[in-house]
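Below is one structure, written out as structure tokens; comments come after it.
Residue numbers begin at 1 in each chain, while the letters A, B, ... track the order of the sequences. Source: prediction; values computed, not measured.
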Protein chains: 2
Amino acid sequence: MTVSVRDVAELAGVSVGTVSNVLNRPEKVSPATVARVTTAIERLGFVRNDAARQLRAGRSRTIGLVVLDVRNPFFTEVARGAEERAAERGLSVLLANSDEKTERELTYLDLFEEQRVAGILVTPVAENMPRLRLLRDRGIPVVLVDRESKDEAFASVAVDDVEGGRIAADHLLDQGRRRLAFVGGPVSIRQVSDRLEGAQRAVAEAGGTIEFIGTGALTVDEGRIAGQAIVAREPARRPDAVFAANDLLALGLLQSLVMAGDVRVPEDLALIGYDDIDFSAAAVIPLSSVRQPAKLIGSTSVDLLLSTTESDEAKRRHVVYTPELVARASSVL
Amino acid sequence: MTVSVRDVAELAGVSVGTVSNVLNRPEKVSPATVARVTTAIERLGFVRNDAARQLRAGRSRTIGLVVLDVRNPFFTEVARGAEERAAERGLSVLLANSDEKTERELTYLDLFEEQRVAGILVTPVAENMPRLRLLRDRGIPVVLVDRESKDEAFASVAVDDVEGGRIAADHLLDQGRRRLAFVGGPVSIRQVSDRLEGAQRAVAEAGGTIEFIGTGALTVDEGRIAGQAIVAREPARRPDAVFAANDLLALGLLQSLVMAGDVRVPEDLALIGYDDIDFSAAAVIPLSSVRQPAKLIGSTSVDLLLSTTESDEAKRRHVVYTPELVARASSVL
DNA sequence: CTGTTAGCGCCTTCAC
DNA sequence: GTGAAGGCGCTAACAG
């Protein structure tokens, strides 16, 4: 049923070693032999068995990527960046979705370890570091994505979220707003707490107030719920500006606010999100946001991962990008 | 460096066969031995090598899924459906993105074949059938996703796109519209041509006209471009209703139209999309759409794939879901 | 330049 | 209930 190198060798009248050479180092084989072997491969419909290669190599040619939410376009962009760079290096990317759940993250980490992946790219849910350290100690390179590593134990590619939070808040303050609200959660996600912290600092410096409105997840639905809560308040008690922890939340908020009818964006309430996903520019009231170089984050992660394998000091390398304000109609009069 | 069953066996004072049994059929081993082996596994930090298992088994425990566009939330929903069902069956899903390009599709198909995946779920770009037939003939189950198989050679899970097109157009006609436009492309994608066909039939029956406005891909950007083209026309020459081949296009269209200022949605132009992605309900002018049961499509595909392995007649099974109208503000006065 | 050979780590008979 | 042995398909020495 299944065609192996042995069958190919037999048909071509050469040895299996030669077939392997044709496959992997054709320049070491005479053109005539290459041709014979190639013909045999085609005639037989031979396809390499990757499992056998991996077993031999001791490691697979796949990189595992665990993200918080595949439905968030920001992460699919990161994935695309990683995928493209990996493809250039002859590797493929296995995309896994933790859904912000520690348990799911662990399941995928186990799976990846069983597969002896070439490396793991992960945006950890919470303080799940022991497992990651174990992975690293067992020889699997780990790179933290979109998350600076506090303990310096891992290479990481991140965006300065504290700075991003400050940028967002500063922008709202520059527009003359003073009663800010931060919508986001859970705070156990570092991105959320950092952005909040940056915003708080900006407000502390410029004068003004910032209240915290918690959400259960970073989704459109949760944004919608938070928006309804704001609309339900009497006008005087509403914030005059909202900074949402990501664009999904901001889009949900926007919908609730506009549907309510009596909250005008940006006149009554300026709104800014985070990530600058495609849908933000396409929103009918285009959404201001803080842009992160998503694709670049993905490709850089792969680069770091691969250099990690080479040198030891690379293991601790950290790349931090600075986010960028994208001001649109939702926050500018 | 790497710990194998042999090491575990040694430490536990048993043979490798017993370790294997503990791993795969613990009920066949005495509790005491199980305990000893388990302890040894933990002490050593043993992790199964999946490549070796696969090599032995001759097939992997992974399903390959090739979609047209990972950035389209419809497909990520399909993927989630597939993933969940696969997980229940102890399989994992490898998600690949063809970006509507035949070449990329072929690359992934090759990759999957080398990996001896348990099966392939694919939304083919175009008439790439010969390669798929080959795969199937070599023993890899193939299920066509979101695409009815014309030649009956493959199992498939689809939504009746002709009917969906009719539903969309009928809805617009019911609203009293008569000068329709269909925005979408390329028509080499079956979903596009089918939806167009359904719409054309509906128009033919009810009276009215429908023009075709082609796009290069099914993306927000292309929708925006098409929208600008419509806005550029003098008002009398604009359609009074637009049916977009998917929600991404519709969202892009919506943005162009609204930004233009002089086209009111739905008063001057009613708009309906297709897929009912999350962002559609969240749009500030909520978008009407034709809903497809995305998650169900994914999970059913996996079911079909697995039953394909069991019986031969299952190979030709076809599941067709009927889409459903979701009328929102963008098309209803 | 080509052939031979020895495993990679696991699982599954087949004996005991 | 447990142990020993063979082999899945491939590649990288090492000979020739």
Side-chain angles (χ1 to χ4, degrees), chain A residues 1-38 40-41 44-62 90 111 113-118 138-140, chain B residues 1-38 40-41 44-62 90 111 113-118 138-140:
Chain A
M1 184 69 234
T2 162
V3 185
S4 80
V5 276
R6 189 150 31 234
D7 303 312
V8 174
E10 197 172 326
L11 179 61
V14 298
S15 76
V16 292
T18 302
V19 175
S20 176
N21 279 334
V22 170
L23 255 22
N24 303 298
R25 281 172 301 292
E27 72 282 1
K28 302 234 161 206
V29 182
S30 77
T33 322
V34 171
R36 283 226 309 293
V37 172
T38 309
I41 286 176
L44 261 22
F46 166 77
V47 175
R48 288 220 283 249
N49 183 322
D50 197 52
R53 298 184 76 192
Q54 281 182 210
L55 179 57
R56 188 83 230 298
R59 182 115 302 176
S60 91
R61 304 195 54 67
T62 297
L111 189 70
E113 189 174 11
E114 287 195 0
Q115 297 189 167
R116 301 292 190 273
V117 292
R138 286 187 187 150
I140 301 188
Chain B
M1 184 70 235
T2 162
V3 184
S4 81
V5 276
R6 188 148 36 232
D7 303 311
V8 174
E10 198 173 324
L11 179 60
V14 298
S15 77
V16 292
T18 302
V19 175
S20 177
N21 279 334
V22 171
L23 255 21
N24 303 299
R25 281 175 298 302
E27 72 282 1
K28 300 234 163 208
V29 183
S30 75
T33 324
V34 170
R36 282 223 312 291
V37 171
T38 309
I41 287 176
L44 260 23
F46 165 78
V47 176
R48 287 219 280 244
N49 183 321
D50 197 51
R53 298 185 75 191
Q54 281 182 210
L55 178 56
R56 187 83 230 300
R59 182 115 303 176
S60 91
R61 305 193 54 67
T62 298
L111 189 71
E113 189 173 12
E114 288 194 358
Q115 297 190 167
R116 302 291 191 274
V117 292
R138 286 188 188 149
I140 301 189

Study note, to complete from the structure: With the side chain defined as heavy atoms from C-beta on, A:Arg48 is closest, among D:dT11, D:dG6, D:dG9, to D:dT11
Review point. Judged by atom type as modelled, is there a donor-acceptor pair below 3.5 Å linking the side chain of A:Arg36 to the main-chain atoms of A:Ala12?
Key: yes
Practice item. Could you tell me the separation between the CD atom of B:Glu10 and the P atom of D:dG3, rounded to a whole number of Å? Key: 13 Å
**Study point:** Rounded distance in Å - CZ (B:Arg61) to P (C:dC10)
**Key:** 16 Å
Exercise for review: Take the protein atom CZ of A:Phe46 and the nucleotide atom P of D:dG9, then report the distance between them rounded to whole Å.
Suggested key: 10 Å
**Study point:** First encountered from the 5' end of DNA chain C, between B:Asn49 and A:Val29
**Key:** A:Val29
Point to revise | Any B:Thr33 side-chain nitrogen or oxygen under 4.0 Å from OP1 or OP2 of D:dG1 | key: no
Review point. Rounded to the nearest Å, what distance is computed from the CG atom of residue A:Leu55 to the P atom of nucleotide C:dC11?
Key: 12 Å
Point to revise | Residue B:Val16, side-chain atoms from C-beta onward, closest of C:dC10, D:dA5, C:dG9 | key: D:dA5
Point to revise | Side chain B:Thr38, main chain B:Val34, donor-acceptor under 3.5 Å | key: yes
Practice item. Apply side-chain contact (heavy atoms from CB on, under 4.5 Å) to the pair B:Thr2 and A:Arg138, showing each step before the final yes or no. Key: CA-CA 8 Å; B:Thr2 162; A:Arg138 286 187 187 150; over 6 Å; no
Check your understanding: Under 3.5 Å, is there a donor-acceptor pair between the side chain of B:Arg116 and the main chain of B:Glu113?
Key -> yes
Exercise for review: Would you check if the side chain of A:Asp7 reaches a backbone N or O of A:Val3 as a donor-acceptor pair within less than 3.5 Å?
Suggested key: no
Check your understanding: Phosphate oxygens OP1/OP2 of C:dC8: is one of them under 4.0 Å from a side-chain N or O of B:Ser4?
Key -> no
Point to revise | Interatomic distance, B:Arg25 CZ vs C:dT13 C1' [rounded to whole Å] | key: 11 Å
Exercise for review: Tell me what B:Val14 touches on the nucleic acid: a base, only sugar-phosphate, or nothing, going by heavy atoms under 4.0 Å.
Suggested key: sugar-phosphate
Exercise for review: Could you tell me the separation between the CZ atom of A:Arg6 and the P atom of D:dC8, rounded to a whole number of Å?
Suggested key: 6 Å
Review point. Nearest to the side chain of A:Asn24, which nucleotide is it out of D:dG6, D:dT11, D:dT2?
Key: D:dT11
Check your understanding: With nearest nucleotides of DNA chain D determined for B:Ser15 and B:Ala52 from heavy-atom distances, which residue corresponds to the more 5′ nucleotide?
Key -> B:Ser15
Check your understanding: D:dG9 P sits how many Å from A:Arg53 CZ, rounded?
Key -> 15 Å
Check your understanding: Below 4.0 angstrom from OP1 or OP2 of C:dT2, is there any side-chain N or O of A:Thr18?
Key -> no
**Study point:** Residue B:Ser20, side-chain heavy atoms: nucleotide from D:dT2, C:dG7, C:dC11 that is nearest
**Key:** C:dC11
Review point. What integer distance in Å separates A:Lys28:NZ from D:dC14:P?
Key: 14 Å
Review point. Hey, does A:Gly17 reach any base, or is it just sugar-phosphate, or nothing, if we go heavy atoms under 4.0 Å?
Key: base
